[in-house]
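Reading through the structure tokens given below for one structure.
In each ligand, atom 1 is the first atom listed, and ligand 1 is the first ligand listed. Just the heavy atoms: all of them, side chains too, but no hydrogens, waters or symmetry mates, feed the values below.
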Amino acid sequence: MIKGAFVGTVEAPSKVILFGEHAVVEGYGAISMAVDLRTRGKIFESEKDIVINLKDLGRSLTLDIENIPKLDLKNYNSGVKYVLCAIKSIVNYLKDRGYEDFKPFKLDISSDIPISCGLGSSASVVATTIKSFLSTNAISIPKKELCKICFSVEKEVQGRASITDTATVIYNSVLKIKNSNDFEVLKGTKLYKLLKGCHFLVVHVEKRKKKTAELVKEVAEHPRKEEIFRSIGKIVDKVEEVSTWEELGCLMVKNHELLRELGVSTSKIDKVVELGSRYGYGAKLSGAGGGGIVIILTDEDRREELLKSLKELEVLDVFECKVGMKSENQKG
Ligand SMILES: Nc1ncnc2c1ncn2[C@@H]1O[C@H](COP(=O)(O)OP(=O)(O)OP(=O)(O)O)[C@@H](O)[C@H]1O
Ligand SMILES: C[C@@](O)(CCO)CC(=O)[O-]
Ligand SMILES: [Mg+2]
């Protein structure tokens with residue numbers, strides 16, 4: 001073995017939630033779409049231990065393989081908990097199924113996904129970490145099992161989570177989340193065909209002050225959450241019936257208004273949603289909120305006016321995204 005020899009790369013995409021965030025945590029529906037902004041895990045040989053370099057955080061973890069099942073996440077700061085919990089979860093999952101003698105490796109993790117803005121960077125890094133461990137040990141498990149493990153990591157770190165983000169980055173497609181345990185890949189459906197023709201802009205409006213874990217906890221304590229979740233659930237049910245971009249955009253705005261009532265929007269997010277409605281078919285915040293991203297269903301005839309108005313608002317970044325296509329940065 002050449003010490004530190006490069007072995008290979010594992011990747012996972014990011015995601016946007018088109019409809020249903022927060023309500024989906026309590027079993028309502030959601031519709032999500034993978035986005036081609038990716039987390040990469042570069043795997044190298046290692047003589048002993050698992051060494052994980054989190055390039056975007058400037059942090060490095062060295063793990064004695066024997067001690068991984070007993071890792072206590074409370075001893076680590078929040079920034080590394082998703083990756084640590086991911087490693088611990090896959091080791092325990094495999095040990096429970098008779099696997100042992102896991103190989104040491106070094107893993108460099110880096111990502112083009114803006115962290116903590118609603119693009120599912122946590123789900124993407126969890127999937128990348130677990131897929132890297134499996135790849136190093138030449139073990140493959142069914143995608144559904146991979147989803148369950150990745151979801152359990154988000155739930156353990158956040159306290160509350162749905163299957164949306166992890167299933168979407170693992171299946172790398174457009175998903176309809178049906179309830180807390182079940183989803184379907186929408187490929188070939190009427191909605192998928194409509195979405196395939198859509199042009200979306202993902203606008204990173206502003207940095208969030210809170211992590212998803214805090215935001216979902218606050219929403220869980222909202223006095224009107226059940227009433228608002230029911231209304232969001234009704235919107236999600238309507239989405240599969242729409243036939244035009246106008247109808248889709250209108251439902252996005254209605255969903256956004258309900259997220260505002262949940263208290264997860266901000267004034268700048270609302271301004272961008274208003275621009276998305278003025279120069280496009282509609283828009284809404286996406287992900288846990290509290291700042292972060294807005295997704296806009298654009299009208300290509302008014303795209304330049306929209307981009308000019310976004311520039312005047314001094315948003316952080318603008319990415320073009322289309323179903324199944326590479327995302328391109330559009331910030332002038
Ligand atoms: N490239 C990365 N390297 C290491 N850790 C990362 C990376 N990207 C995300 N994380 C972890 O995920 C956390 C952000 O997760 P969080 O759920 O708050 O935001 P998000 O997943 O981007 O947004 P949302 O959950 O709303 O889609 C970071 O604080 C860090 O712990
Ligand atoms: C806010 C939320 O609905 C989406 C976060 O991207 C949380 C979850 O579904 O796990
Ligand atoms: Mg997340």
Side-chain angles (χ1 to χ4, degrees), residues 11-35 37-42 52-61 73 76-87 107-129 132 147 150-169 175 177 179-180 183 202 204 207-220 225 229 232 236 255 259 262-264 285-295:
E11 293 189 351
S14 54
K15 62 82 197 162
V16 290
I17 296 184
L18 295 171
F19 295 92
E21 51 272 278
H22 286 293
V24 69
V25 176
E26 296 208 2
Y28 291 88
I31 292 170
S32 57
M33 174 171 91
V35 172
L37 295 170
R38 309 182 80 73
T39 305
R40 275 166 212 85
K42 288 181 114 176
I52 304 178
N53 297 315
L54 301 175
K55 299 287 193 182
D56 301 313
L57 305 187
R59 293 289 308 273
S60 190
L61 299 163
L73 298 184
Y76 294 86
N77 92 347
S78 63
V80 301
K81 284 189 176 177
Y82 283 98
V83 167
L84 272 177
C85 187
I87 285 284
L107 179 64
D108 287 354
I109 293 180
S110 60
S111 177
D112 6 309
I113 308 167
I115 290 179
S116 204
C117 73
L119 280 165
S121 65
S122 64
S124 190
V125 79
V126 165
T128 301
T129 303
S132 298
C147 285
C150 292
F151 161 65
S152 72
V153 171
E154 287 234 304
K155 191 160 188 307
E156 180 172 344
V157 175
Q158 291 169 194
R160 304 169 60 75
S162 80
I163 60 177
T164 310
D165 294 11
T166 43
T168 305
V169 304
L175 269 55
I177 310 300
N179 53 49
S180 301
F183 62 89
V202 172
H204 187 187
K207 283 198 177 306
R208 285 195 324 202
K209 297 179 183 64
K210 294 174 184 166
K211 298 282 179 204
T212 295
E214 297 163 88
L215 290 155
V216 291
K217 185 172 181 298
E218 284 174 11
V219 166
K225 72 169 183 179
F229 285 176
I232 292 174
V236 175
N255 191 162
L259 291 168
L262 274 178
V264 295
L285 75 80
S286 181
I293 60 168
V294 165
I295 181 158

- Does G289 have a heavy atom less than 4.0 Å from any atom of ligand 1? no
- Here the gap from K211 atom NZ to S78 atom OG, rounded to the nearest 0.5 Å, amounts to 6.0 Å
- Item | Close N or O approach (P114, ligand 1; < 3.5 Å) | no
- Is S121 close enough to the Mg ion (ligand 3) to have an N, O or S atom under 2.8 Å? no
For ligand 2, which of its N or O atoms have a protein N or O partner closer than 3.5 Å, and how long is each gap?
residue  : atom   : partner : partner atom : Å
ligand 2 : 3 (O)  : H22     : N            : 2.9
ligand 2 : 6 (O)  : K15     : NZ           : 3.0
ligand 2 : 6 (O)  : D165    : OD1          : 3.3
ligand 2 : 6 (O)  : D165    : OD2          : 2.6
ligand 2 : 9 (O)  : S162    : OG           : 2.6
ligand 2 : 10 (O) : S162    : N            : 2.8

- Task: Might you confirm whether atom NZ of K155 has over 12 heavy atoms from other residues, nucleotides or ligands at distances under 6.0 Å?
- Result: no
- Query: For K217, which residues count as a salt bridge (Lys or Arg N to Asp or Glu O under 4.0 Å) partner, sequence neighbours excluded?
  - Reply: E221
- Message: Test of understanding: given a 4.0 Å heavy-atom threshold, classify the contact between L215 and ligand 1 as side chain, backbone, both, or neither.
- Response: neither
- Query: Starting from atom 31 (O) of ligand 1, which protein heavy atom do you reach first, and at what distance in Å?
  - Reply: G79 O, 2.7 Å
- Would you say K211 and ligand 1 have an N/O pair spaced under 3.5 Å apart? yes
- Output yes when the distance from some N or O of ligand 1 to some N or O of A288 is under 3.5 Å, and no in every other case. yes
- Distance-only, no hydrogens or angles: does the H22 side chain make a donor-acceptor pair with backbone N or O of A288 under 3.5 Å? yes
- Message: Can you report which non-hydrogen protein atom sits closest to atom 28 (C) of ligand 1, along with the distance?
- Response: I115 CG2, 3.7 Å
- Examine the proximity of ligand 1 to S124 and report which part, side chain or backbone, both or neither, has a heavy atom under 4.0 Å away. neither
- Item | Closest protein heavy atom (residue, atom, distance) for atom 1 (N) of ligand 1 | D56 OD2, 3.0 Å
- Do any N or O atoms from the side chain of S286 and from the backbone of I293 form a donor-acceptor pair under 3.5 angstrom? no
- Item | Donor-acceptor under 3.5 Å (D112 side chain, R38 main chain) | yes
- Run the numbers on E218 and K210 for salt bridge (charged side-chain N to carboxylate O under 4.0 Å, His left out), then give the verdict. CA-CA 10 Å; E218 284 174 11; K210 294 174 184 166; 2.9 Å; yes
- Query: Any idea which protein heavy atom is nearest atom 6 (C) of ligand 1, and the distance to it?
  - Reply: V125 CG1, 3.9 Å
- Item | Under 3.5 Å donor-acceptor, E154 side chain and A123 backbone | yes
- For atom NZ of K81, is the number of surrounding heavy atoms from other residues, nucleotides or ligands below 6.0 Å larger than 12? yes
- Taking both backbone and side-chain atoms of S111, is any N or O found less than 3.5 Å from an N or O belonging to ligand 1? no
- Query: Do the side chains of Y82 and E156 get nearer than 4.5 Å, heavy atoms only?
  - Reply: no
- Task: Would you check if the side chain of S14 reaches a backbone N or O of S121 as a donor-acceptor pair within less than 3.5 Å?
- Result: no
- Query: Atoms of ligand 1 less than 4.0 Å from D165 heavy atoms?
  - Reply: 25 (O), 27 (O)
- Heavy atom of the protein closest to atom 16 (P) of ligand 1 (residue, atom name, distance): T212 OG1, 3.4 Å
- Are any of the side-chain nitrogens in E26 or K225 under 4.0 Å away from the carboxylate oxygens of its partner? yes
- Nearest protein heavy atom with distance in Å, relative to atom 27 (O) of ligand 1: G120 N, 2.8 Å
- Query: C147 versus F183: any side-chain heavy-atom pair under 4.5 Å?
  - Reply: yes
- Distance filter under 4.0 Å to L57 heavy atoms, resulting ligand 1 atoms: 4 (C), 5 (N)
- Task: Report yes or no: do R59 and N53 form a side-chain donor-acceptor pair below 3.5 Å?
- Result: no
- Message: Between E21 (side chain only) and G287 (backbone N and O only), is there a donor and an acceptor less than 3.5 Å apart?
- Response: yes
- Mind checking whether C117 contacts ligand 1 via backbone (N, CA, C, O), side chain (CB onward), both or neither, at a 4.0 Å heavy-atom cut-off? backbone
- Message: Under 4.0 Å, heavy-atom basis, I'd like to know which part of K15 is in contact with ligand 1: side chain, backbone, both or neither.
- Response: side chain
- Item | Atom indices of ligand 1 within 4.0 angstrom of G287 heavy atoms, with elements | 26 (O)
- For atom 9 (C) of ligand 1, the closest protein heavy atom turns out to be S121 OG, 3.2 Å
- Message: Test your reading of the model: is there a side-chain donor-acceptor pair from N255 to the backbone of F19, 3.5 Å cut-off?
- Response: no
- Query: For ligand 1, is there an N or O atom under 3.5 Å from any N or O atom of I109?
  - Reply: no
- Answer yes when K15 and D165 have at least one side-chain N-carboxylate O distance shorter than 4.0 Å, and no when they do not. yes
- Task: Note the single closest protein heavy atom to atom 13 (C) of ligand 1, along with its residue, its atom name and the distance in Å.
- Result: Y82 CE1, 3.7 Å
- Do any nitrogen or oxygen atoms of V83 lie less than 3.5 angstrom from nitrogen or oxygen atoms of ligand 1? no
- Are R40 and D108 close enough for a salt bridge, meaning some N to O gap below 4.0 Å? no
- Item | Per-residue contact class, R208 against ligand 1 - non-hydrogen pairs under 4.0 Å | side chain
- Would you mind running through ligand 1 and noting each atom that sits below 4.0 Å from a heavy atom of S78? 31 (O)
